[in-house]
Amino acid sequence: MVISVIGVGYLGAVHAAAMAELGHEVIGLDIDADRIAALQAGRAPFHEPGFEEILRRGLRSGRLRFTTDYAELEPAEVHFLGLGTPQRKDGFGADLSHLESAIDSLREVLAARGGAPTLVVGKSTVPAGTARRLSDQVEQVEGVQLLWNPEFLREGFAVQDTLEPDRLVYGLREPEGPQAEAVIAMLDAVYAALLAAGVPRLVMGYETAELVKASANAFLATKISFINAIAEMCEAVGGDVADVARAIGMDDRIGAKFLRAGVGFGGGCLPKDIRAFIASAEEHGVGEALGFLREVDLINERRRARTVELAGEMLGGVEGRRITVLGAAFKPDSDDVRDSPALDVADRLMQAGARVTVTDPQALANAAQRVPGLTVEAELAAALRGAELTLLLTEWREYRDLDPTWAAELVAAPHMLDGRTVLEPRRWAAAGWELRALGRSAPAQATTPTQTATSTPEPTAHPALGPVGPAVAPTPMPGRTLTSA
Ligand code: UGA
């Protein structure tokens, strides 16, 4: 089939290359000429394992190309919309302007099809009601139908998630009837290889499909904030959140995934999607129903503040002190620093007067661009040299596997703050480190008799984690520097 993908950011670029991989002829479009030039030259504009390979394969096959010119999309039978829907500058809601202007530009292309069956497929994350509103516009053109097909890919696994998704969701104006069948058959033809491999396909109304995506991200964010709330409790009573997570995760109904406590979630999706969900619920008069997501957001914010506070406790004040931050990306295997907890904490420490050096295997260029004045160092050994405190804030494999004896020889003082609950406390203690982690007791305290269920330790002065202090709960600011897309 001939397919277009409009908006080749993270989602769109991967989708375009993956569709070419499935054998379709694909034209990717973006208004960003630099991005188009890079993609057309076979260069990935972001770090994503396996992406450059399928991009180059698609270009070489002649089935994949990129353009900035809408007129070139005329032969396409199916147009995918992969545009970003960032948080609005003036509030929690989603900014749909990129999507709306793409629809405007597309209208002429659709009219030129002369009534031939054409499908427009939305993949962006949007508030419920958006698809119906947009369909009123595009379906005015004869032969055109709109379908909403949310995307669930994770950065770092984007290629795999696109080619082997858990499920395909089709949102339709009317999910049943002869018209629905024709629309479904057309998208089935695009995804034929996936369906043949047994990927489940669920058909539903527009609003339900939009809610599936919003609910999935809200649930994941809630799960992370849940375990981070328990981390706060662990700090108060002297428990170990990693053990709590391991034990409750063994219950199938709970599941072990997304229960890793630490500095919390970031990125271009979860934070802005829960805020857009809150805004949408309020607009529909059911704000109370999703009120708990505000708490999810606040717990997440508090972990960042607590990390900065704990760094201060470990050093007896951060001003003028040399601090090394391991990680800038919002998660490993990505160079994305949008609303990255690691970069946010590094920035806060810098603002508090610390001499901060940040290292990351992939994200330093993006980090330096986002936080002007940040000291970055690509080499791990050089970054560690002379550090009085080291913080592990993005769990790249090289940091998880760091040899504590080797690292101890480089730093000025062996103090480590594990912000991702990934380092083995005993191993680090044995190599002479003071290791502190969010929500975790130090090994010595973990085995003392006072750590029993019947003991009632002083909540504000845990021996391993120090005073918890008053909960710092800054209201998340819409459109903060580190939040904008
Ligand atoms: C998220 C969803 O997982 C995808 O399904 C969705 O398609 C995507 O958003 C989107 O809407 O486009 P992504 O932003 O790539 O994917 O990242 P996640 O893997 O969800 O991680 C988000 C954040 O949560 C990261 O900062 C990560 O470090 C943090 N996290 C994750 C934790 O703090 N603890 C965990 O246990 C898991």
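Keep in mind that this is a model prediction, so the values were computed, not measured. Each ligand, and each atom within it, is numbered from 1 in the order the structure gives. Only this structure's heavy atoms are used, side chains among them; waters, hydrogens and symmetry mates stay out.
Taking the six-membered ring where the residue is Trp, F46 and F51 present parallel rings, their angle staying beneath 30° rather than reaching 60°.
D297 and R275 are joined by a salt bridge, as a carboxylate oxygen and a charged side-chain nitrogen come within less than 4.0 angstrom of each other. Electrostatic pairing of E301 and R303 does not count as a salt bridge here, judged by no charged N lying under 4.0 Å from a carboxylate O. In this structure, K89 does not pair ionically with D95, as no charged nitrogen and carboxylate oxygen lie closer than 4.0 Å.
Considering only residues two or more places apart in sequence or on other chains, R133 meets the salt bridge (Lys or Arg N to Asp or Glu O under 4.0 Å) condition with E100.
The residues lining ligand 1, counting any heavy atom closer than 4.0 Å, are E151, F152, L153, R154, E155, K213, N217, L220, I224, F258, L259, R260, G264, F265, G266, C269, L270, D273, F330, K331, R420.
F265 and F330 have their aromatic ring centers separated by at least 6.0 angstrom.
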